[in-house]
Amino acid sequence: MKFKVNREKLLKCLQRVNSVVGTRSTMAVLSNVLLEADEKGLALTTSDVEIRITTHLDCEVETPGVTTVPARKFLSLVSCFVEDEVQVEADANNHVKLDCGTSSFTLLGLPPTDFPEVREVEPVRQLKIKENDFKRMLNSVTYAVSAEDSRKVLTGVLLTVLDGCCTLVATDGKRLAIQEQNPLSVSGNDGDSVVPLKAANELKRLLEGDGELEIVLGEKQCVFRTANFTLTSKLIEGNYPNYRQVIPPGCQRRVEIEAAKLLSKIEMVSQVLSDSSAYVVLSFRDNQLRITGSSSEIGAGSDVMEVKLEGEPFDVSFKPSFLADPLRVTTADRIVLKVNDPFNPVAMEGHEGFLYVIMPIRNK
C-alpha cells in the first residue's frame with residue numbers, strides 16, 4: 001500500500017476516529033487504526049468492539065492496500081509534522097513508513113485480518129435529520145442518563161419513532177429529559193431503540209454543520225452516517241420504562257423565567273453549599289424569585305430575580321445541579337416551570353419540543 005495525502009486533512013480524520021481507540025483491550029489490534037486505500041481514496045476505521053467509527057478522505061493512491069497502524073502514535077506524529085504532504089507506505093509485514101518533508105518514521109502495524117469485521121445492519125426503521133438538529137437533541141437530554149448499572153436500559157438514550165416524530169429520552173429515576181423533533185424523512189416501523197451513552201457522546205463530538213444525518217436502526221445495532229463519518233454501535237437491549245407516566249397532567253402554578261439569569265443565580269448561590277446532598281430553596285412571591293442556599297460548614301446566601309408568576313405563591317426545593325443541567329444546554333431565552341405543589345414532579349419547558357421533569361426535595 002502506498003499513498004500521498006494532505007497533512008491537515010489526515011490530521012482531522014485521525015482526530016475524528018481516535019476517541020474510541022482502546023488502551024486496555026485484550027485485542028491488541030483495537031489500539032490501531034485500520035487504513036484502507038483504493039481508487040475511492042483512504043478510509044480510516046477504529047473500534048472498541050461496542051462502537052466503530054469510519055471516516056474517508058481523498059488522497060493520491062499509488063498502490064491500493066490495507067493495513068493497521070498504532071492509532072495514537074500515528075496521530076501524534078502527524079500532529080508534529082510540518083510540511084503539507086504525508087506519504088504513507090506499508091509493506092507485507094505491516095511496517096508502515098511515514099515521510100513528511102525531512103521527517104521519516106516507521107510504525108509497526110498488525111495484520112488487518114485481526115481487525116473486527118463490520119456487521120451489516122438489517123434496518124427496522126430509518127430516518128434522516130439535520131446534523132445540528134440531532135446534536136441539539138442529544139445535548140438536551142444526555143446529562144440525565146443514569147450513571148447506575150443496576151438498570152442497564154437507563155444507561156442509554158431512548159430513541160423512539162412514532163407517527164413520523166423522533167423523540168430522545170433520558171432519565172436516572174430522579175429526573176426526565178425529553179426532546180422531540182420532526183425529521184426530514186422516516187421509513188420502517190415505529191418503535192424504540194436505546195443508544196449507549198458513549199455512542200451518544202461520540203455523536204455530539206462528531207456532528208457539525210447543517211448537513212444531513214442518516215440513522216439506520218436495527219434490532220441490535222444502529223448506524224449514524226453523514227458525509228464525514230459513519231458510526232456503528234450496539235444497542236442496549238431491554239424495555240425502556242413508560243416515561244410518559246411521570247409527566248404532570250396539568251399545573252396549578254406557572255412561572256416564566258429568564259433562563260441564563262436563573263442559571264447564573266443558581267450557580268452563585270451554590271457556592272455556599274458543601275456537598276452533593278445539599279439543595280436550594282426557590283421562593284416565588286409577587287413576580288419575584290428568591291433563591292436560598294445554606295450549609296453548616298460554609299455559610300448561607302441568597303439572590304433575587306424578577307419572574308412572571310401565575311398562581312399562588314409557593315416554595316420548592318431542588319438539587320441545584322439537577323436544576324442547572326438543562327439550563328446549561330438550552331437554546332431558549334426563557335423557560336417555563338409548571339408546578340402543582342412542592343411535593344410532586346415539576347415540569348420545565350424550554351425550546352420547542354423540550355420537556356424536563358424533576359422531583360422536588362422534601363425538606364424537613
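Computed from a predicted model, the values in this text were never measured in an experiment. The residues of the chain are indexed from 1 along the displayed sequence.
- A donor-acceptor contact closer than 3.5 angstrom links the side chains of S19 and R205.
- Figure legend: R175 and F322 shown as a cation-pi pair, the cationic atom lying under 6.0 angstrom from the six-membered ring centre and within 45 degrees of its axis.
- Side-chain atoms of R362 come within 3.5 Å of backbone N or O of F343 as a donor-acceptor pair.
- Within a 6.0 Å radius of NZ in K204, other residues, nucleotides and ligands contribute more than 12 heavy atoms.
- Here R16 does not pair with E202 in a salt bridge; the nearest charged N to carboxylate O distance is not below 4.0 Å.
- Within a 6.0 Å radius of CG in N93, other residues, nucleotides and ligands contribute more than 12 heavy atoms.
- Between P196 and S233, some side-chain heavy-atom pair lies under the 4.5 Å cut-off.
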For this session: Check the pair K40, D58 against salt bridge (Lys or Arg N to Asp or Glu O under 4.0 Å), reporting the backbone distance first and the verdict last.
Result: CA-CA 7 Å; K40 297 178 182 178; D58 294 330; over 6 Å; no
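- Other residues, nucleotides and ligands place no more than 12 heavy atoms under 6.0 Å from the NZ atom of K73.
- The distance from atom OH of Y356 to atom CG of L176, rounded to the nearest 0.5 Å, is 9.0 Å.
- K338 has a carboxylate O that lies under 4.0 Å from a charged side-chain N of E349, or vice versa, which qualifies the two as a salt bridge.
- Counting only distance, with no hydrogens or angles, the side chain of E131 and the backbone of E208 share a donor-acceptor pair below 3.5 Å.
- Counting only distance, with no hydrogens or angles, the side chain of D172 and the backbone of K174 share a donor-acceptor pair below 3.5 Å.
- Atom-to-atom distance recorded for L162:CG and E180:CD is 9.0 Å, nearest 0.5 angstrom.
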Problem set entry | Chi angles and distances behind the side chain to side chain contact (heavy atoms under 4.5 Å, CB included) call for L98, F74 | CA-CA 9 Å; L98 311 176; F74 192 15; 3.7 Å; yes
Exercise. What's the verdict on salt bridge (Lys or Arg N to Asp or Glu O under 4.0 Å) for K198 and D48, showing C-alpha distance, side-chain angles and the deciding distance?
Worked result: CA-CA 11 Å; K198 184 175 181 179; D48 64 0; 2.5 Å; yes
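- The distance from the OH atom of Y243 to the CD1 atom of I178 is 5.5 Å, given to the nearest 0.5 Å.
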Exercise. Given the rule in the salt bridge (Lys or Arg N to Asp or Glu O under 4.0 Å) test, do K4 and E89 qualify, once you have shown the distances and angles that lead to the verdict?
Worked result: CA-CA 9 Å; K4 293 179 181 178; E89 184 174 3; over 6 Å; no
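- Counting non-hydrogen atoms of neighbouring residues, nucleotides and ligands closer than 6.0 angstrom, the CD atom of E310 exceeds 12 such neighbours.
- Judged purely by atom type and a 3.5 angstrom limit, S140 uses its side chain to pair as donor or acceptor with the backbone of R136.
- Of the residues listed (L203, L207, L213, I129), the one engaging K135 in a side-chain contact (heavy atoms from CB on, under 4.5 Å) is L207, and it is the only one.
- The shortest distance between side-chain heavy atoms of T46 and R52 does not fall below 4.5 Å.
- With contacts defined as side-chain heavy-atom distances shorter than 4.5 Å, the pair I53/T45 does not qualify.
- Few gaps surround CD on E297; more than 12 heavy atoms of other groups in view lie less than 6.0 Å from it.
- To the nearest 0.5 Å, the span separating CG on L159 from CZ on R125 amounts to 8.5 Å.
- Considering CG of L57 and CD of E8, their distance stands at 12.5 Å, rounded to 0.5 Å.
- Residues D315 and R285 are paired through a salt bridge, judged by an N-O separation under 4.0 Å between the basic side chain and the carboxylate.
- The shortest distance between side-chain heavy atoms of Y279 and V316 does not fall below 4.5 Å.
- Side-chain contact check for I298 versus L273: every heavy-atom pair is 4.5 Å or farther apart.
- Ring geometry, F284 versus F314: the interplanar angle falls under 30°, so the pair is classed parallel (tilted spans 30 to 60°).
- Residues T54 and V17 form no side-chain contact, since every pair of their non-hydrogen atoms from C-beta on lies 4.5 Å or further apart.
- Minimum interatomic distance between A90 and T67 (heavy atoms only, all atoms of both residues): CB-CG2, 3.9 Å.
- Taking the side-chain contact (heavy atoms from CB on, under 4.5 Å) definition, one finds that E148 meets it with S146, S150, sequence neighbours left out.
- Ion pair E256/R334 flagged as a salt bridge, since at least one NZ, NE, NH1 or NH2 atom sits closer than 4.0 Å to an Asp/Glu carboxylate oxygen.
- Counting only heavy atoms from C-beta outward, the side chains of K319 and I361 approach each other to under 4.5 Å.
- The local environment of CG in N239 is sparse, with at most 12 non-hydrogen atoms from other residues, nucleotides or ligands closer than 6.0 Å.
- For the pair T68 and V33, the minimum side-chain heavy-atom distance is 4.5 Å or more.
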